Amino acid sequence: MEKKITDIFGTLVFDEEVMEERLAKDTFRELQKTIKEGKSLNIKIANAVANAMKDWAVEHGATHYTHWFQPMTGVTAEKHDGFIGTNKNGKVILEFSGKELIKGEPDASSFPNGGLRATFEARGYTAWDPTSYAFIKNGVLCIPTAFCSYSGHALDKKTPLLRSMQAINKQALRILKLFGNENVKNVKTTVGPEQEYFLVDKKYYEQRKDLIYTGRTLFGAPSPKGQEMEDHYFGTIKSRVQEFMNDLNEELWKLGVLVKTEHNEVAPAQHELAPIFSTTNIATDHNQLTMELIQRIAKKHGLVALLHEKPFDGINGSGKHNNWSLSTDTGVNLLEPGDTPHENAQFLLFLCAVIKAADEHQDLLRLSVATAGNDHRLGANEAPPAIISVFLGDELAEILKAIEEDRPYDSKEKEVMKIGAHVLPKFPKDTTDRNRTSPFAFTGNKFEFRMPGSSSSIAGCNIVLNTVIADELKEFADILEKAPDFSSALHALIQGTIKEHKRIIFNGNGYDDSWVEEAKKRGLLNLRTTPDALPYFIKENNIELFKRHKVFDEEEVHSRYEIMMEEYVKILHIEALTMVNMAQKEILPAVSQYSYDLAQTCAMKTEVAKLENVYEKETLKDVSALLDQAFKATKHLDKVLKEAEAIEDFEKAAFYYRDEVIPAMSALRTPCDELETLTAENVWPFPTYGKLLFGIL
Ligand SMILES: NC(=O)CC[C@H](N)C(=O)O
């Protein structure tokens, strides 16, 4: 690496250092108050900040600015405005005002709003989130913003995320106060999202309509080699891929993204990139940027990055493991067992809040990761099942059991574990995945939520995590604040929580079929598909929960439910249309031509030499039978698709797609994949799995 990381890191970010350097002392101090304490910014200060930002951005080659926001599409949105303006004499000047920095008013009528806003009320507004630094991307100054309607409803993913962070901050501070931590002013959730993705050669990608339109292969027989040799996982990275990774790292470092780990993943052509954890809203912004840059930089290297959860059948898909924790502004990780009995008691209480939340809100955790793409991955023995459970590891599970049963944990000490009086043993911290099969695994000082899909924004699952855990902390604080004897109330609370919610703890193999049975016996939910999970969102108790913590109001919950259900329908609609198109325009004609060639060859050979022609005849028979089957399946898919299109109610449509369209898609894929194995390589109309998975040389 020619340029030192420390020299380039954050060079495209208007961060604290740049602010201090470029702003007058008073302005800097006021802005810090806004960033750190949420104080509102007056227009005079905003003007000064905007001016400094513009000068800095122009010096770094920017010509435009944009309010960079995260509508409910799951991707980011930007509308560029130039700094260009004219003065009184008509001379060109560059300008950027405080008003423009703080608030934008995009005509944003075409973003999904789930009924929150009629299209005639087109205007929404974007408001700067000063807790996430502005940065320069592609010559544009990007200002991270929240996106709301004029009635104040959140139309984006950032606003509820920030609200959920506020909710957990408030409740965690109440708990910390009870433990005497008066000096803590702020508790923030932190996240380190691991990003998995595939890389394929651009020249093959371009020949596949399914990849272009849907991001995944809808047809494709397995290649002779898959992932069975386990030689790709952590294997040597190919030079072309390494060059891409180097470029990607450099660009992300410039944007202040703390990317740290890179490696080959389990499936051929699959890779992973992971950052150091940061505050959740920044981690979310950074993950959105990471996904964007992975795709953009891959193209520069003649590659295409696939972020889909399941681009290929028969080999592993991609997840985005969300490593979640809570930390104080005094630098304490609240999910880290401490050195003293006192710290341990506090840790156990936070741990119990997470366990209780996971048990009581299995539905919300599950639906927070529910998408059409992720349905292929969850429960397919490559990623956690769709059943929520918590992995604690044997040691911690044993400690909780000892507390529950009022018996000694360590047989040497022979003393009953008393919360607040005994020190917990240190758990070995292990950054590698200790239980890959668990959806929610404690890994020494954080929880790894392994269910989120690789293409999703992490905002959704973190909104839910923050809110459900905030709610448990609230309940705990309500009890403990009133307790006449804190220590005994604490002990009873922890013990009671373990007793009541231990069913959610599972340290075994989540891929095992017996777990499905066991989970059923324990009364755990198994919401296998997206339409199974999403309706839980609008259940009365869930709406109340979000309202209680001011994360969503009722309309906002309904809007998100509608958007997520519709998204499921739209994705499947595009996939089914693409399949019909590929079958009709590519597969069926190619195979028909191939059978003609076989018949011709056969006829000629018979005519010329009276040969038996077993190969041609047998293949022709097999191919023709499959061709007819594929044709009928295409017709059937087309028919159910038309029926699906006629369904107006989005809920009915989602179930129809799941129950009728998906099976019709499988029924078409099966004969087509078989045909692929029987036809000549040069006849098959698009690149095979072999080329896609092993084609990067
Ligand atoms: N090695 C791994 O952690 C594999 C994870 C897997 N790709 C997933 O989807 O979650």
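If you're wondering where the values come from, they're calculated on a predicted model, not measured in any experiment. Counting convention: from 1, in listed order, for ligands and their atoms alike.
The heavy atom nearest to atom 7 (N) of ligand 1, considering only E194, R450, E196, is found in E196.
With respect to the salt-bridge test (charged N to carboxylate O, under 4.0 angstrom), the residues R669 and D210 do not qualify. Salt-bridge check for R296 with E251: failed, with every basic side-chain N at 4.0 Å or more from each acidic carboxylate O.
Close N/O approach between P384 and ligand 1 is not found [any backbone or side-chain N/O within under 3.5 Å].
Under a 4.0 Å criterion applied to the non-hydrogen atoms of Y233, ligand 1 contributes the atoms 1 (N). In the vicinity of E382, heavy-atom distances shorter than 4.0 Å reach the ligand 1 atoms 6 (C), 8 (C). With ligand atoms numbered from 1 in the order given, ligand 1 contributes 3 (O), 5 (C), 8 (C), 10 (O) to contacts under 4.0 Å with heavy atoms of H321. Set against the non-hydrogen atoms of G319, the atoms of ligand 1 under 4.0 Å away are 8 (C), 9 (O).
The ring pair (Phe, Tyr, Trp, His ring centres under 6.0 Å) contacts involving residues 366-389 comprise nothing, where partners must be two or more places apart or lie in separate chains.
Looking only at atom types and distance, the side chain of E265 has no donor-acceptor partner in the side chain of N316 under 3.5 Å away.
The distance from atom CG of N264 to atom CD of Q242, rounded to the nearest 0.5 Å, is 9.0 Å.
Contacts of S318 with ligand 1, taken as heavy-atom pairs under 4.0 Å, involve the backbone alone.
With sequence neighbours excluded, the residues that form a side chain to side chain contact (heavy atoms under 4.5 Å, CB included) with I574 are Y213, T214, T578.
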